[in-house]
Amino acid sequence: MSKIVGIDLGTTNSLVATVDSGIPFVIADDEGRRLTPSVVHWPASGDLPLVGHAANRVRAIKPAQTAYSVKRFIGRRGSDISQEEMLVTYPVAGQGGGPVKIKIHEREFTPEEISAEVLKKLKKDAEVALGEAVTRAVITVPAYFNDAQRNATKRAGELAGFTVERIINEPTAAALAYGLDKLREKSKIAVYDLGGGTFDLSILELNEGVFQVLSTNGNTRLGGDDLDKRMVDFLVGKIAAAGGPTPVNAEHGTRNTEQLAILSRVREVAELAKIKLSTETETEIALPFLTPDVSFSYKLARVELERLTRDIIERTRQHCIRALADAKLQSSDLDQIILVGGQTRMPLVRKLVSEWFGCAEFEEERGGIRLGEDHHKRTGPLLNTSQNPDEAVALGAAIQAEILSGGFKNVLLLDVTPLSLGIETFGGLMNVIIPRNSTIPVKAGEMFTTAVDHQQSMLIHVLQGERERAKDNWSLGRFTLEFGSAPRGVPRVGVQFEIDANGILHVLARDTRTGREKIVEMKSAVDVDDTAVTKMVEESVEHAFDDLGARRWIEAKLKADELLAATRKGLADCAGELEAEYETQVQSALGELSLALTTGQTEGGTGDLKRLQLACAELDRVTKPLAELLMDKAMEALLRKRGAIS
């Protein structure tokens, strides 16, 4: 059977790794390079595309025919892409619910088709290095990728000729690469993963050889690319101020071929300068002959880069705080912070992370793990930078691949779902079936019934989010299950949610009487902007009391509506059998409950909950004799039907 390789399909660079004799390593290409730029160029001649370093070399001179950072578009709809995100040097288009398309040489590509070209290159490099066919892979994704993005990543792997054995989260894979299974029991680790295009902060706990993700939070559109863009904008301004050309039409945001070529050159030197400033305090940026008459040079200091980009890095802090809160931990409860992703080489990133988490000093030459007599005296977690941050995720994926192959038997890795999943129930409430931070793979379900007489179908509206009302959460999809007509409360429909090992949601609905069922794979988990993800989590806390009040009101209202209907039907069934005084008493209680339902309505649609509850309780009390009479009549009818009485 083919060997399973681990692949880090990155925004900026991608890697393939494997395990040999128990040792994980990144596979190099035929020139000895372990990082493959996630860049693809299509020649005008119609030849096979250039991938990796070859494409990167052409990118500056043929920017419109060279795709890069497509991971930011994979699995997303056109309506989700902002104009700012489309400001790349190649044409990006997408409308409404349709997929994003990239048009090159009159041909439209999906992001997964372009990603497949990168994966084909990695597949070929692995086959050359290993001397055998490689057809199986574990591929990593950011922890906050939704179902659509995970499915698209899996599809890219299949297009490249892989059987994708598992999709796993990048921070979780990194924990394996750092050898954290060697730590003491109950160790808690934070994985700070800042890559080219995404950021994740995950908190893991080791328990009897099992890694369990306690919480995860992040942003799929925050990474090194944002720092590069900030530097590009800065350099473009400097070039314009020096009398040089500008690659951007400020008024219309359009670019011609010459402007695209200039922009690609600026982006290339900006990225190189950023990398150099991780080890040097200043660097010379040189752009000779931007036009036949203009050259540009500028000496950029590390402190200036940090001033330009500090606010972008600080945006990661809110995700760190939320992940800690979700795990119900303080930073002092953590044993280690591990840094993953090339952007974490930046000294400012390490400095800020150390400050935020109150890290003790670390000894990098000893793998970031402090040894010696003073180890027990530290007050904060250790900052672990022992692994190459560019390679950690790929190495972890290779270890996971080896686990699947049966090579490693003493480690198990468990992921969690970051947000709650459920369905809309009568009254517009969300009924949670799988709570947030549940370990995956996971399966859970509940039984539901109808709320209306002679209902012949049930709409299953799948939701994701943390709010009490359905309308405040995200809709993942809807489908209908049909069944035979019956009085309300009689049908029994089981709804089961299953999140597989790849984090993809499958929903089953089954009519228990007929066995009729539908199984739907959710094609989209969170088709909204990441700012909306942040907003939802914030609002779930901010509106917690309001949401709880709304739920209590809706539940009380449903009970009141049911009580009103039952009482009115009971009065009709017992017409002429009740004393006038008692009937007046019941009608009075009915009127009070009706008023309680409509009086004091707020903008949110709620009313005076206490008054409603008291009115329900009073009608319940008053109608006890009526209920007893109805029970006697029902029993008499049953006996008559059986012939016990005449």
Side-chain angles (χ1 to χ4, degrees), residues 12-13 37-47 49-70 83-93 102-106 196 224-309 312 346:
T12 307
N13 294 295
S38 302
V39 183
V40 183
H41 169 77
W42 283 266
S45 62
D47 293 339
L50 302 177
V51 182
H53 293 281
N56 220 17
R57 288 193 290 269
V58 181
R59 176 176 163 183
I61 56 176
K62 298 285 186 181
Q65 292 81 45
T66 308
Y68 56 90
S69 296
V70 297
Q83 288 301 311
E84 183 180 7
E85 289 179 283
M86 289 189 180
L87 291 179
V88 289
T89 58
Y90 52 89
V92 178
I102 295 163
K103 189 174 183 180
I104 297 177
H105 297 312
E106 303 305 316
D225 284 355
D226 297 285
L227 276 69
D228 293 346
K229 183 180 183 302
R230 181 67 60 80
M231 288 183 66
V232 167
D233 292 342
F234 172 76
L235 292 175
V236 164
K238 290 291 184 183
I239 292 168
T246 173
V248 181
N249 183 321
E251 183 179 352
H252 301 294
T254 57
R255 306 182 180 100
N256 56 36
T257 303
E258 181 182 357
Q259 288 174 325
L260 286 172
I262 292 171
L263 185 64
S264 290
R265 290 186 62 191
V266 173
R267 181 178 285 107
E268 185 177 15
V269 297
E271 185 178 356
L272 288 173
K274 181 189 71 174
I275 293 170
K276 283 185 178 180
L277 289 174
S278 288
T279 54
E280 302 172 14
T281 56
E282 63 178 26
T283 185
E284 184 78 24
I285 294 174
L287 286 164
F289 304 111
L290 275 173
T291 68
D293 304 320
V294 177
S295 295
F296 173 78
S297 66
Y298 184 77
K299 185 170 286 187
L300 182 67
R302 181 191 290 175
V303 291
E304 193 166 23
L305 169 65
E306 292 178 348
R307 178 183 59 80
L308 280 171
T309 58
I312 297 173
M346 189 175 183

For the [atom1] atom of [X] and the [atom2] atom of [Y], what is their distance to the nearest 0.5 Å?
| X | Y | atom1 | atom2 | answer |
| --- | --- | --- | --- | --- |
| Glu304 | Met231 | CD | CE | 9.0 Å |
| Trp42 | Leu50 | CH2 | CG | 10.0 Å |
| Tyr90 | Ile104 | OH | CD1 | 8.0 Å |
| Leu227 | Leu305 | CG | CG | 7.0 Å |

Taking [X] for the side chain and [Y] for the main chain, is one N or O donor matched with an acceptor at less than 3.5 Å?
| X | Y | result |
| --- | --- | --- |
| Arg59 | Thr66 | no |
| His41 | Gln65 | yes |
| Arg265 | Pro288 | yes |
| Ser297 | Ile285 | no |
| Tyr68 | Thr89 | yes |

Show which side-chain atoms of residues 268-279 pair as donor or acceptor with protein atoms under 3.5 Å away, not counting sequence neighbours.
| unit_1 | atom_1 | unit_2 | atom_2 | d |
| --- | --- | --- | --- | --- |
| Lys274 | NZ | Asp228 | OD1 | 2.9 |
| Lys274 | NZ | Gln343 | OE1 | 2.9 |
| Thr279 | OG1 | Lys276 | O | 3.2 |

Going by the rule side chain to side chain donor-acceptor pair (under 3.5 Å), which residues pair with [X] if we only count those two or more places apart in sequence or in a different chain?
| X | value |
| --- | --- |
| Thr309 | none |
| Thr281 | none |
| Ser38 | Ser14 |

- Message: Taking ring pair (Phe, Tyr, Trp, His ring centres under 6.0 Å) as the definition, give me every residue that meets it alongside Tyr298, ordered by chain and number, with sequence neighbours left out.
- Response: Phe234
- Query: Given side chains that start at C-beta, do those of Phe296 and Val266 come closer than 4.5 Å, heavy atoms only?
  - Reply: no
- Can you find a pair of side-chain heavy atoms, one from Leu287 and one from Ile239, that are under 4.5 Å apart? yes
- Task: Work out which heavy atom in Ile312 is nearest to a heavy atom in Asp226; give both atom names and the distance.
- Result: CD1-O, 3.6 Å
- Note on the structure: Closest non-hydrogen contact found for Ala64 with Pro91 is O-CD, 3.6 Å
- Task: Any salt bridge (Lys or Arg N to Asp or Glu O under 4.0 Å) involving residues 278-297? Give me the pairs, sequence neighbours left out, ordered by first then second residue.
- Result: Glu282-Lys299
- Item | salt_bridge(Asp225, Lys229) N-O dist < 4.0 Å | no
